[in-house]
Amino acid sequence: MPELPEVENVAVALREHLTGRTLTGLKVKCTKVLGQCGTATRRALLGKALDGVHRHGKYLVLNFTDGKRPDAQLMIHLRMTGQIFILEGYIPDKHVHLIFDFDGLPVHYRDIRKFGRLLLVDDPINPTAIAHVGPDMLLVRFNEWHRRISHRKAPMKALLLDQGIAAGLGNIYVDESLFLAGIHPLAKPVDLTRPQLQSVLRVCKKVLRHSIKHGGTTFMNYTNFHGKPGNFQSKLHVYGRGGEACDVCGETIERIQIAGRSSCFCNNCQPL
DNA sequence: GAATACCTGAGC
DNA sequence: GCTCAGGTATTC
């Protein structure tokens, strides 16, 4: 499941391998993953070169230009199972829905659940389609984040998942970050001290940066831009470990539903 | 702010 | 053959 670190790695890879290359072809095997029809997508992008990749939370925005027609922007969200990769000699399976041809270099879009979307938008940095999305979790300053969250009465877990407050965390990183910060997922920001909130944001950023450094493979079986599988460098403390013993204190890890999502935590390490 | 739709493979 | 997982837009 790609979260912010995986999306950041895709952004870096696209910049490295495709900047300056012209999109010369687009094969559409499943229109569903496009926000518009294949014809409209081709009309907007073909013949233009990739000249910028911007990431905001888990969203990517690619800018295409040919110096004559207006630039075009393609926004990509991988959702649960989306993958983008270049792979020598790769034979597309049934889950490959799009094949971009960059001057002879094939770039595949593969998505088992077809939740991901590739949508033409109107701006390379701040498309109106994601105007409701908050600042990137890695960039937001504490004062700004504090202003957005400190008065809220919903559970911390729900608010960290809320991309409108700050964008980038998914279910896995939220559970792990709250464990490392020692904060109960049901804790309300309004009941927490400023130092506690400072600790939450600091840990969230640390977890994301750590994961990016390890190729986004820290917590997940993730396949990178060149098809290399993830290597499980770090073990999860709580996510997906309900009923098991906490590896810090030995207490049984709890599992409850918060905001409709499974949430795992250690009652002893994360007291309410 | 909570439920629902979207989609498929994994695991019972 | 059933249930569950997950992020987001949409709808209550």
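Here the structure is a predicted model, which is why all the values come from computation and not from measurement.
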Handout entry: Rounded distance in Å - CD1 (A:Ile130) to P (C:dT10)
Key = 14 Å
Practice task
Send over the distance from A:Tyr173 OH to C:dA5 C1', rounded to a whole Å.
Solution key: 17 Å
Problem - Considering all heavy atoms, the nearest A:Val61-A:Met75 contact - result: CG2-CG, 4.1 Å
Practice task
Please state how far atom CD1 in A:Ile258 lies from atom P in C:dA5, giving the value in whole angstrom units.
Solution key: 14 Å
Completion exercise
Between CD1 of A:Ile76 and P of C:dT8 the distance, given in whole Å, is 15 Å
Handout entry: Geometric class of the A:His97/A:Tyr109 ring pair [parallel <30°, tilted 30-60°, perpendicular >60°]
Key = tilted
Problem - Distance below 4.0 Å between A:His77 side-chain N/O and C:dA9 OP1 or OP2 - result: no
Problem - Aromatic ring pairing A:His237/A:Phe179, orientation class (parallel under 30°, perpendicular over 60°, tilted between) - result: parallel
Handout entry: Contact pattern, 5' to 3', of nucleotides 6-12 of chain B - B, S or - by protein heavy atom under 4.0 Å
Key = BBBS---
Handout entry: Salt bridge present between A:Arg79 and A:Asp111 (N-O < 4.0 angstrom)
Key = no
Practice task
Decide, yes or no, whether a salt bridge links A:Lys188 with A:Asp191 under the criterion of side-chain N to carboxylate O below 4.0 Å.
Solution key: no
Problem - hydrophobic_cluster_shared for A:Leu23 and A:Leu98, side chain cutoff 4.5 Å - result: yes
Practice task
Check DNA chain C against residues 154-170 of chain A and give the residues with a non-hydrogen atom under 4.0 Å, in numerical order.
Solution key: A:Gln163, A:Gly170
Problem - Euclidean distance, atom CZ of residue A:Arg152 to atom C1' of B:dA2 [Å, nearest integer] - result: 13 Å
Practice task
Hey, which sits more toward the 5' end of DNA chain C by its nearest nucleotide, A:Arg255 or A:Ala129?
Solution key: A:Arg255
Problem - Contact summary for A:Met137 and A:Ala166, nearest pair of heavy atoms - result: CE-CB, 3.8 Å
Exercise for the section: Could you tell me whether the side chain of A:Arg42 reaches within less than 4.5 Å of the side chain of A:Val28, counting heavy atoms only? Expected result: yes
